[in-house]
A.B. asks: 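Structure below; questions to follow.
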Amino acid sequence: MEKSSQAVLRDRLQTGFLGIIALALVLFLLVQARFILIPLAIAIIVFSLTSDAIGVIARQGVPNWLATPIALGLIATGLLWLTSGFVAQVNEVVSTAITYMERAQAAIPELIEWAGPNITDTLTSALSDINLTGWMRGAAGQAGSLVSGSVLVILFVGFMFAERMFFPQKIQRLIGNDEDAHHVRAIFASIMRRVNRYLVVKTLVSLATALCIWAIFKIAGLELAGPVAVMTFVLNFIPSVGSIVATIVAVALAFAMTGDFQLTIIVLLACTAVQFSIGNVLDPMLLGQTLRLSSLGIILSLAFWGTLWGVPGMFLAVPIMVALMIACAHIPWLRGLAVVLSREGLPDDGLTDVPEKPGVLPPAEQSADRPRL
């Protein structure tokens, strides 16, 4: 008995060590291959959105063979236009902020002089050591790489559409069973529908937030209303953290351009009110039934993918989490992870989003009676 228990313990330790090594290897590959994996992940999302766009165009009476190139052309043009426009806006913000940086640095001692001479001298010395100009130029340089990344995304999407008609056949041959193959296709379809719905709703919410910030800057008579609105729109796709960063950028620019403490406080209160009301009322109301994700899970996913892939990983954190929850809900030994990722401990398998086909078991029966994949 002693030997058998020792053998079991040894096997468990070996399995644990192998699992740790495998996890470390996966994380290493995720980091090292991020320059390919990030555009590929974005391309999958764009491919999903484009497929829906093709369906909309085809419903207008346009033949499918013509709807595909039209949708691809529109998506490619829109993606390049958005990325180049965003880069131009970032460059404008950086150049203007650098111009007003000296005025802001001169006004900072006046704001903190109430704290006493010792604290004022310490803070002034610490702020002077921060190379804000170099940081902003570096951020502008990173934004410039978006255009080249967009070209790679468009190429990936084009090749995906070239093989689109063969996907069902490949799944059929991999699975080997019609019912199971349809089940797998239904899982993929539910993931695409849920991610598409999230992106559409998030786009509308971010657009509403950006328009409010634009109005605040216009009413306050500040420059860069358009660029700040664009940056707010993009940053709001990052859950929780994005709205905070967008508010900090807007307030910092308001202070840098005016040096007026009172006006800066007004802009801070107005931007905070907009972000709080939209982020805590409109956003949850529209996305509550779409995501069904744990708030803590979203923050952890944000931290994890942000650490691995940087800012692009933070944008992709929620779509990846949605896909993981739905996929893990169908795998028995990973169902615990789906429970953790879900909002109420009830993981969503996503099959309610997909219409049933004749001759295929309904989702409830598939969940209860048939073997899981």
Side-chain angles (χ1 to χ4, degrees), residues 19 22-23 25-27 29-30 33-34 37-38 40-49 51-52 156 160 164 167-168 170-199 202 239 287 289-305 308-309 313-357 360-373:
L23 177 62
L25 181 60
V26 169
L27 293 177
L29 292 175
L30 285 174
R34 64 185 180 276
L37 294 177
I38 292 173
L40 180 60
I42 297 173
I44 293 172
I45 295 175
V46 174
F47 170 76
S48 176
L49 291 170
S51 299
D52 283 354
F156 278 143
M160 286 178 187
R164 183 188 182 193
F167 287 163
K170 290 181 178 180
I171 293 175
Q172 170 66 31
R173 290 189 170 93
L174 282 172
I175 304 300
N177 179 282
D178 289 339
E179 187 178 331
D180 289 341
H182 171 68
H183 188 68
V184 171
R185 290 199 300 271
I187 294 173
F188 284 132
S190 66
I191 292 173
M192 293 170 65
R193 285 171 180 265
R194 194 63 59 84
V195 172
N196 288 355
R197 196 182 308 160
Y198 162 75
L199 290 174
K202 198 66 177 176
L287 289 177
Q289 296 302 317
T290 299
L291 293 182
R292 301 175 188 171
L293 297 176
S294 164
S295 300
L296 178 60
I298 291 176
I299 296 298
L300 293 177
S301 178
L302 201 65
F304 177 78
W305 292 106
L308 288 184
W309 289 351
M314 299 175 78
F315 282 98
L316 294 169
V318 172
I320 291 175
M321 190 175 171
V322 171
L324 277 176
M325 184 185 70
I326 294 176
C328 291
H330 294 272
I331 303 174
W333 58 279
L334 286 177
R335 187 172 175 80
L337 179 59
V339 171
V340 173
L341 294 178
S342 62
R343 186 176 57 188
E344 300 168 352
L346 300 172
D348 184 7
D349 61 9
L351 293 183
T352 54
D353 293 343
V354 183
E356 301 173 26
K357 284 191 175 182
V360 179
L361 292 174
E365 294 181 14
Q366 288 179 348
S367 302
D369 299 333
R370 60 191 303 280
R372 297 286 183 179
L373 298 177

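The figures that follow rest on heavy atoms only: side chains count, while hydrogens, waters and symmetry mates do not.
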A.B. asks: Measure the spacing between CE of Met192 and CD1 of Ile187 and express it to the nearest 0.5 Å.
C.D. replies: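 The CD1 atom of Ile187 is 14.0 Å from CE of Met192, to the nearest 0.5 Å.
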
A.B. asks: To the nearest 0.5 Å, what is the distance between CE on Met321 and CG on Leu300?
C.D. replies: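 One finds 8.0 Å between CE of Met321 and CG of Leu300.
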
A.B. asks: Are any non-hydrogen side-chain atoms of Met160 and Ile44 less than 4.5 angstrom apart?
C.D. replies: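 Of all side-chain heavy-atom pairs linking Ile44 with Met160, at least one is under 4.5 Å.
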
A.B. asks: Determine, step by step, whether Leu308 and Arg34 satisfy the side-chain contact (heavy atoms from CB on, under 4.5 Å) criterion, reporting the C-alpha distance in whole Å, the side-chain angles of both residues, the deciding distance to 0.1 Å, and the verdict.
C.D. replies: CA-CA 8 Å; Leu308 288 184; Arg34 64 185 180 276; over 6 Å; no

A.B. asks: Would Leu27 and Phe304 count as a side-chain contact (heavy atoms from CB on, under 4.5 Å) here? Give the steps.
C.D. replies: CA-CA 10 Å; Leu27 293 177; Phe304 177 78; 3.6 Å; yes

A.B. asks: Show your working on side-chain contact (heavy atoms from CB on, under 4.5 Å) between Val184 and His330 and close with a plain yes or no.
C.D. replies: CA-CA 10 Å; Val184 171; His330 294 272; over 6 Å; no

A.B. asks: If you measure from NE2 on His182 to CD on Gln172, what distance do you get to the nearest 0.5 Å?
C.D. replies: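 So the gap between those two atoms works out to 12.0 Å.
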
A.B. asks: Given side chains that start at C-beta, do those of Phe315 and Ile45 come closer than 4.5 Å, heavy atoms only?
C.D. replies: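 Phe315 vs Ile45: side chains apart.
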
A.B. asks: CZ of Phe188: more than 12 outside heavy atoms within 6.0 angstrom?
C.D. replies: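 No, not enclosed.
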
A.B. asks: Please report the closest heavy-atom contact between Met314 and Leu302, naming both atoms and the distance.
C.D. replies: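 Closest pair (atom of Met314, atom of Leu302, distance): O-CD1, 3.5 Å.
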
A.B. asks: What do the steps show when you test Leu30 against Trp309 for side-chain contact (heavy atoms from CB on, under 4.5 Å), and what is the final call?
C.D. replies: CA-CA 8 Å; Leu30 285 174; Trp309 289 351; 4.0 Å; yes

A.B. asks: On a heavy-atom basis, which atom in Val318 and which in Pro239 lie closest, and how many Å separate them?
C.D. replies: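 Residues Val318 and Pro239, closest heavy atoms: CG2-CG, 3.3 Å.
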
A.B. asks: Considering all heavy atoms of both residues, which atom of Ala329 and which atom of Ala338 are nearest to each other, and what is their separation?
C.D. replies: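 That closest heavy-atom pairing would be N-CB, 3.7 Å.
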
A.B. asks: Tell me the closest heavy-atom pair linking Ile326 and Arg194, and the distance in Å.
C.D. replies: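 Looking at all heavy atoms of both residues, the shortest contact is CD1-CB, 4.4 Å.
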
A.B. asks: For the CG atom of Leu324 and the OG atom of Ser301, what is their distance to the nearest 0.5 Å?
C.D. replies: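 These two atoms lie 7.5 Å from each other.
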
A.B. asks: Which atom names give the shortest non-hydrogen contact between Ala181 and Ile171, and what distance separates them?
C.D. replies: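 Taking every non-hydrogen atom into account, O-CG2, 3.9 Å.
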
A.B. asks: In the structure I gave you, are the side-chain heavy atoms of Tyr198 and Val322 within less than 4.5 Å of one another anywhere?
C.D. replies: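 Counting from C-beta outward, Tyr198 and Val322 never come under 4.5 Å.
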
